Enquirer: 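Structure provided below as structure tokens; questions to follow.
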2 protein chains.
Amino acid sequence: MATAAKVSKTENKNNHDAADEQADKEQQEAIEQIDEVQNEIDRLNEQASEEILTVEQKYNKLRQPFFKKRSDLIAKIPNFWVTAFVNHPQVSALLTEDDEEALQFLTKVEVQEFDDIKSGYTINFYFDSNPYFENEVISKEFHLNDTGDPSSKATPIKWKEGKDLTKKSAAAQKGKKRAHDDQDSFFSWFSDHADAGADELGEVIKDDIWPNPLQYYLASEIDEETGAGDEDELDEENLEEEDGEEEDFEGEEEEEEEEGDGEEEEG
Amino acid sequence: MATAAKVSKTENKNNHDAADEQADKEQQEAIEQIDEVQNEIDRLNEQASEEILTVEQKYNKLRQPFFKKRSDLIAKIPNFWVTAFVNHPQVSALLTEDDEEALQFLTKVEVQEFDDIKSGYTINFYFDSNPYFENEVISKEFHLNDTGDPSSKATPIKWKEGKDLTKKSAAAQKGKKRAHDDQDSFFSWFSDHADAGADELGEVIKDDIWPNPLQYYLASEIDEETGAGDEDELDEENLEEEDGEEEDFEGEEEEEEEEGDGEEEEG
């Protein structure tokens with residue numbers, strides 16, 4: 001670090017005498033010492049990052065049995081995942097009618113962060129046997145390598161004959177009309193690795209749906225418009241505006257046990 | 001039971017028989033159990049946030065003596081801070097020629113995060129006696145109250161007569177030409193509390209300059225053009241390393257904050 005640092009113009013002097021030389025030398029030493037102190041600070045920052053990572057890993061482990069329990073309970077509810085997806089504004093926009101039909105066979109979603117958390121995550125989609133493809137599990141994995149370059153890979157989908165939803169002609173072949181003729185299927189996401197570093201759907205599932213899928217399963221269309229996640233959406237006004245059915249439960253998550261029996265309606 | 005959650009259209013049935021009622025009831029119970037599991041997950045998330053905050057607080061304390069040492073060393077280098085500011089692309093854009101002159105009397109900058117980190121921070125600017133104002137310290141404080149509303153306040157500057165750089169006529173009175181006649185002084189930032197929640201200059205100083213001011217002091221004009229943190233003929237490896245570490249650490253903090261927010265919504 002022998003080179004003098006750039007200083008503001010008023011300090012630039014071309015005629016250095018002995019005193020100047022001495023001052024320069026002292027400043028240079030100070031800069032070197034600042035650099036050393038800075039290294040100490042950086043070391044502390046690294047230690048802090050490591051400790052925070054340890055905490056995150058610990059809680060990732062502690063959450064696992066609850067995620068497992070949640071998955072087992074979700075499996076008891078038909079169409080839980082397709083409903084949660086349909087109720088999520090961003091995900092819903094990615095679903096064609098055919099996608100929604102195929103996703104009714106989706107029984108389990110699983111997000112697994114890699115052990116060191118920062119290097120990536122996998123999303124596993126488990127399907128019942130269905131008319132669309134042979135796979136029981138379709139996974140997409142997002143990976144950051146040591147140099148920070150992102151990549152993704154996914155299970156190839158073994159489509160049944162004439163059922164490949166990622167072929168835009170598929171719907172036409174079936175004589176069906178799709179909501180948007182030019183819309184890609186949700187399933188084409190599995191072969192799209194262009195945005196591995198900032199995969200919007202992957203991040204929505206990991207950061208938004210996975211932390212609390214129940215809120216999306218329960219969210220009504222009106223709630224979507226007013227913003228999911230507000231507590232107000234759980235109130236009874238919404239029930240009346242909506243089709244009636246599902247809203248009551250949500251009304252008050254805390255109170256639903258008392259209310260539950262009294263709410264016989266048309267259903 | 002009419003309280004079944006909203007499910008996709010294909011599941012809507014209007015003729016419920018006894019079996020349907022039973023299925024509905026089981027689903028309702030599953031939903032209630034999911035809700036309980038979700039509460040457990042939320043509790044773990046909160047605990048994780050608290051532990052991470054504890055780690056951050058611990059390291060904030062551990063860094064203090066090094067920041068103190070760094071400040072003492074920086075004091076030995078004339079014009080350190082004005083040079084760092086001038087070399088920082090964003091801050092430099094905010095400085096008039098008069099500002100640069102006044103900032104040559106800036107001997108110490110200090111960023112203090114509040115103990116709970118999330119509620120705010122203060123930046124203290126220490127000045128040698130100077131022809132511009134009487135203050136030895138000018139501070140700006142950013143505060144988030146309990147409901148998350150941001151506010152800021154700052155030390156009133158006691159300008160010497162005819163020296164108020166925040167009055168646009170000041171430069172003209174002195175017969176000087178300013179780089180941009182209509183540009184506000186850097187010092188008007190101290191009385192600008194409009195963007196307390198996202199104060200650009202405050203955040204640049206806190207998150208970009210304060211973690212490593214030396215890299216900006218050392219940055220050449222060429223670096224400014226190609227982007228700070230690029231290879232530097234003075235101290236290549238060091239600057240690159242430091243950059244990387246700093247980003248890592250901040251990355252952690254940001255992740256944590258996002259988690260925290262999510263929990264609040266879910267709760």
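Just so you know, these numbers come straight off a predicted model, no measurement behind them. Each chain gets a letter, A, B and so on, in the order its sequence line appears, and its residues count up from 1.
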Enquirer: Please enumerate all residues that pass side chain to side chain contact (heavy atoms under 4.5 Å, CB included) together with B/Thr54, with sequence neighbours excluded.
Expert: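 Residues passing side chain to side chain contact (heavy atoms under 4.5 Å, CB included) with B/Thr54: none at all.
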Enquirer: Name all residues meeting the salt bridge (Lys or Arg N to Asp or Glu O under 4.0 Å) criterion together with A/Glu29; count only those two or more places apart in sequence or in a different chain, and write none if there are none.
Expert: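 Here no residue qualifies.
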Enquirer: Between B/Phe66 and A/Leu44, is any pair of side-chain heavy atoms under 4.5 Å apart?
Expert: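 Yes, side chains in contact.
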Enquirer: Determine whether more than 12 heavy atoms belonging to other residues, nucleotides or ligands lie under 6.0 Å from atom NZ of B/Lys76.
Expert: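 At most 12 heavy atoms, drawn from other residues, nucleotides or ligands, come within 6.0 Å of this atom.
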Enquirer: Any salt bridge between A/Glu51 and B/Lys58, counting N to O under 4.0 Å?
Expert: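 Result for this pair is yes, salt bridge flagged.
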Enquirer: Is there side-chain contact between B/Tyr217 and A/Ile34, with heavy atoms separated by less than 4.5 Å?
Expert: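 A side-chain contact under 4.5 Å is absent here.
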Enquirer: Are there more than 12 heavy atoms of other residues, nucleotides or ligands under 6.0 Å from atom NZ of B/Lys108?
Expert: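 Count over threshold, so yes.
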Enquirer: Rounded at 0.5 Å granularity, tell me how far CG in B/Leu73 sits from CD in A/Gln33.
Expert: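 These two atoms lie 5.0 Å from each other.
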Enquirer: To the nearest 0.5 angstrom, please state how far the CD atom of A/Gln47 sits from the CZ atom of B/Arg63.
Expert: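 One gets 10.5 Å once the value is rounded to the nearest 0.5 Å.
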Enquirer: Working to the nearest 0.5 Å, report the span between CG of B/Leu214 and CD1 of A/Ile31.
Expert: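 Here the rounded value is 6.5 Å.
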Enquirer: When you compare the side chain of A/Tyr59 with that of B/Asn45, does any pair of heavy atoms fall below 4.5 Å?
Expert: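 No, their side chains stay 4.5 Å or more apart.
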Enquirer: Minimum heavy-atom separation for B/Ile41 to A/Arg70, with atom names?
Expert: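 Smallest heavy-atom distance, with atoms named: CD1-NH1, 3.9 Å.
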Enquirer: Please report the interatomic distance CD(B/Gln215) to CD(A/Gln38), rounded to the nearest 0.5 Å.
Expert: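 The CD atom of B/Gln215 sits 8.0 Å away from the CD atom of A/Gln38.
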Enquirer: Roughly how far, to the nearest 0.5 Å, is the CD1 atom of A/Ile52 from the CG atom of B/Leu53?
Expert: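 Rounded to the nearest 0.5 Å, the CG-CD1 separation comes out at 9.5 Å.
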Enquirer: May I ask you to name which of A/Ala75, A/Gly148, A/Ala30 has the most heavy-atom pairs under 4.5 Å with chain B?
Expert: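 When all of A/Ala75, A/Gly148, A/Ala30 are compared, A/Ala30 has the most.
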Enquirer: Give, as side chain, backbone, both or neither, the part of B/Glu26 having an atom under 4.5 angstrom from any heavy atom of chain A.
Expert: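 Contact with chain A involves no heavy atom of B/Glu26 at all.
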Enquirer: Does any backbone or side-chain atom of A/Leu103 lie under 4.5 Å from a heavy atom of chain B? Answer side chain, backbone, both or neither.
Expert: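 Neither part.
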